[in-house]
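Here is the naming used below: chain letters follow the sequence lines, and residue numbers restart at 1 for every chain. Excluded from the calculations below are hydrogen atoms, water molecules and symmetry mates; all remaining heavy atoms, backbone and side chain alike, are included.
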Amino acid sequence: MQEFKKIDLDTTINSGQVFLWDKIDDTWYGVDGSNILKITQDPFKISSSEKKASDFFRQDDNMEKILQSIKKDKIVKDAVLRFPGLRLLRQDPFQCYISFICSSNASIQNIKQMLKKITIKFGKRIIFGGHEFHTFPSARKLANSTIAELSSCGLGFRAKYVKKASQDVVSGRIDFNYLKKSDYKTAKNVLVDVYGIGDKIADCILLFSLEKIEAFPVDRWTLRILRKYYFDLFDESISRSITKKKYEEIHEKIVRHFGPFAGYSQQFLFKMERELNNKKWL
DNA sequence: TCATCACCTGGAGA
DNA sequence: ATCTCCAGGTGAT
């Protein structure tokens, strides 16, 4: 089996996509919506608390073709070479949506803590594989919660975002099935209208849970990467504060350079640069 | 349209 | 011990 076909669990889970994962005795456990996943690396085996078929690891993706497509330059080539087992994940959309709304101006460890508290306070407690877990709550549950309850999970100013965003799901204003079927631009325009969701967070939700592999979240790390390695390409577009128009301009250039699987290239570059700076993950 | 700034909170570094 | 600063941004001037 060629190296790129093997999924590297540690690398993938520690790449900033998911927050509710823990490793217990060489086994990874994670919360994905109402489902709890249990995964071992060797042998690679997945089991779950619910019997629902979801390809969490995107094993349907043609990695040979995707990697071929994104290796446009030496930087991405190096990143792919260093983390050949890194993958994008296919997350439960509502959990992903709330997770990244919580991520604004917060560290990964802080985000993890907020989400953990949300599951304990609002999720369903279950025992799986001999361990206790709490599922991610439904939109209705969070929509009906009070700001005070949400604040007690350490959300701070994000509490009001989470409540409103949950209400938008309950009312049907946000329909994840519709967004999955829509093209990138249409879906993005819908998401950025939600209170608490801007360009970056919308792209995270699109990439990690709504099948938009061309989405390329631009955050302070990505911006740093573009400045450091791709200055010649993005030159004028990169200013200190990034406006909506600049963001679109950058995204256009990104897709032109990295191609239709740009989101994959983002994941490799992000992983590489954070490792390079010894940043912590979960 | 664009640039600043406040914002909850917890953890790291001075 | 106490303080400052920052963290995968966003909304309001």
In whole angstrom, give the distance that lies between atom [atom1] of [X] and atom [atom2] of [N].
| X | N | atom1 | atom2 | answer |
| --- | --- | --- | --- | --- |
| A:K246 | B:dT1 | NZ | C1' | 11 Å |
| A:E249 | B:dT1 | CD | P | 13 Å |
| A:F19 | B:dG10 | CZ | C1' | 16 Å |
| A:K279 | B:dG11 | NZ | P | 15 Å |

Students should find that the nucleotides of DNA chain C closing off the region near chain A, any atom under 4.0 angstrom from a heavy atom, are C:dA7 to C:dG11

Using atom [atom1] in both nucleotides, what's the gap between [N] and [M] to the nearest angstrom?
| N | M | atom1 | answer |
| --- | --- | --- | --- |
| B:dA6 | C:dC6 | P | 14 Å |
| C:dG8 | B:dG13 | P | 13 Å |
| C:dG9 | B:dT1 | P | 24 Å |

Note: contacts of residues 94-117 of chain A with DNA chain B (heavy atom, under 4.0 Å) are A:N105, A:N110, A:Q113

Contact check, residues 145-156 of chain A vs DNA chain B, heavy-atom distance under 4.0 Å, returns A:G154, A:L155, A:G156

_Stepwise side-chain contact (heavy atoms from CB on, under 4.5 Å) test for A:S48 and A:I36_ = CA-CA 5 Å; A:S48 58; A:I36 308 297; over 6 Å; no

5'-most contact on DNA chain C (nearest-nucleotide basis), A:V194 vs A:D219, goes to A:D219

The side-chain hydrogen bond (donor to acceptor under 3.5 Å, both in side chains) partners of A:R82 (sequence neighbours excluded) come to none

Sorted by chain and residue number, the side-chain hydrogen bond (donor to acceptor under 3.5 Å, both in side chains) partners of A:R125 (sequence neighbours excluded) come out as A:E132

Taking for A:K280 and for A:Y161 the nucleotide of DNA chain B with the nearest heavy atom, the one nearer the 5' end belongs to A:Y161

Residues passing the side-chain contact (heavy atoms from CB on, under 4.5 Å) test with A:E50, sequence neighbours excluded, are A:S34, A:N35, A:K52

Those residues at least two apart in sequence (or on a different chain) that pass side-chain contact (heavy atoms from CB on, under 4.5 Å) with A:K279 are A:W221, A:R274, A:N277

Note to self: Check this for me: does any side-chain nitrogen of one of A:K6 and A:D42 sit under 4.0 Å from a carboxylate oxygen of the other?
What the structure shows: no

Whether A:R58 and A:E211 form a salt bridge (side-chain N of Lys/Arg under 4.0 Å from carboxylate O of Asp/Glu) is what I want to check.
yes

Strictly distance-based, threshold 3.5 Å: is any side-chain N or O of [X] a donor or acceptor partner for the main-chain N or O of [Y]?
| X | Y | answer |
| --- | --- | --- |
| A:D55 | A:D60 | yes |
| A:E275 | A:M272 | no |
| A:Q17 | A:L89 | yes |

is_close_aromatic([X], [Y]), centroid dist under 6.0 Å:
| X | Y | value |
| --- | --- | --- |
| A:H134 | A:F122 | no |
| A:F234 | A:Y229 | no |
| A:W21 | A:F133 | no |

Please work out if [X] contacts a base, only the sugar-phosphate, or nothing of the nucleic acid, heavy-atom cut-off 4.0 Å.
| X | value |
| --- | --- |
| A:F270 | base |
| A:Q17 | base |
| A:K244 | nothing |

Taking Watson-Crick and G-U wobble contacts under 3.5 angstrom, with | marking pairs to another strand and [ ] crossing pairs, the secondary structure of DNA chain B is written ..|||||.||||||

Please table the atom pairs, donor to acceptor, closer than 3.5 Å between any side-chain atom in residues 258-270 of chain A and protein atoms at least two apart or in another chain.
residue, atom, partner, partner atom, Å
A:Y264, OH, A:D61, OD2, 2.7
A:S265, OG, A:A262, O, 2.4
A:Q267, NE2, A:S15, O, 2.9
A:Q267, NE2, A:S15, OG, 3.1

(message) Please tell me if A:K160 has a side-chain N or O lying less than 4.0 Å from either OP1 or OP2 of B:dC8.
(response) yes

Quick note, ring pair (Phe, Tyr, Trp, His ring centres under 6.0 Å) partners involving residues 165-207 of chain A, not counting sequence neighbours, are A:Y97-A:F176, A:Y161-A:Y195, A:Y184-A:H251

Next on the checklist: Quick one, A:K23 with A:D10, criterion salt bridge (charged side-chain N to carboxylate O under 4.0 Å, His left out). Give me CA distance, side-chain angles, the key distance, then yes/no.
Outcome noted: CA-CA 9 Å; A:K23 197 177 188 179; A:D10 289 359; 3.1 Å; yes

Applying salt bridge (charged side-chain N to carboxylate O under 4.0 Å, His left out) to A:K124 and not counting sequence neighbours gives none

Numerically ordered, the residues 254-264 of chain A set in heavy-atom contact under 4.0 Å with DNA chain C is none

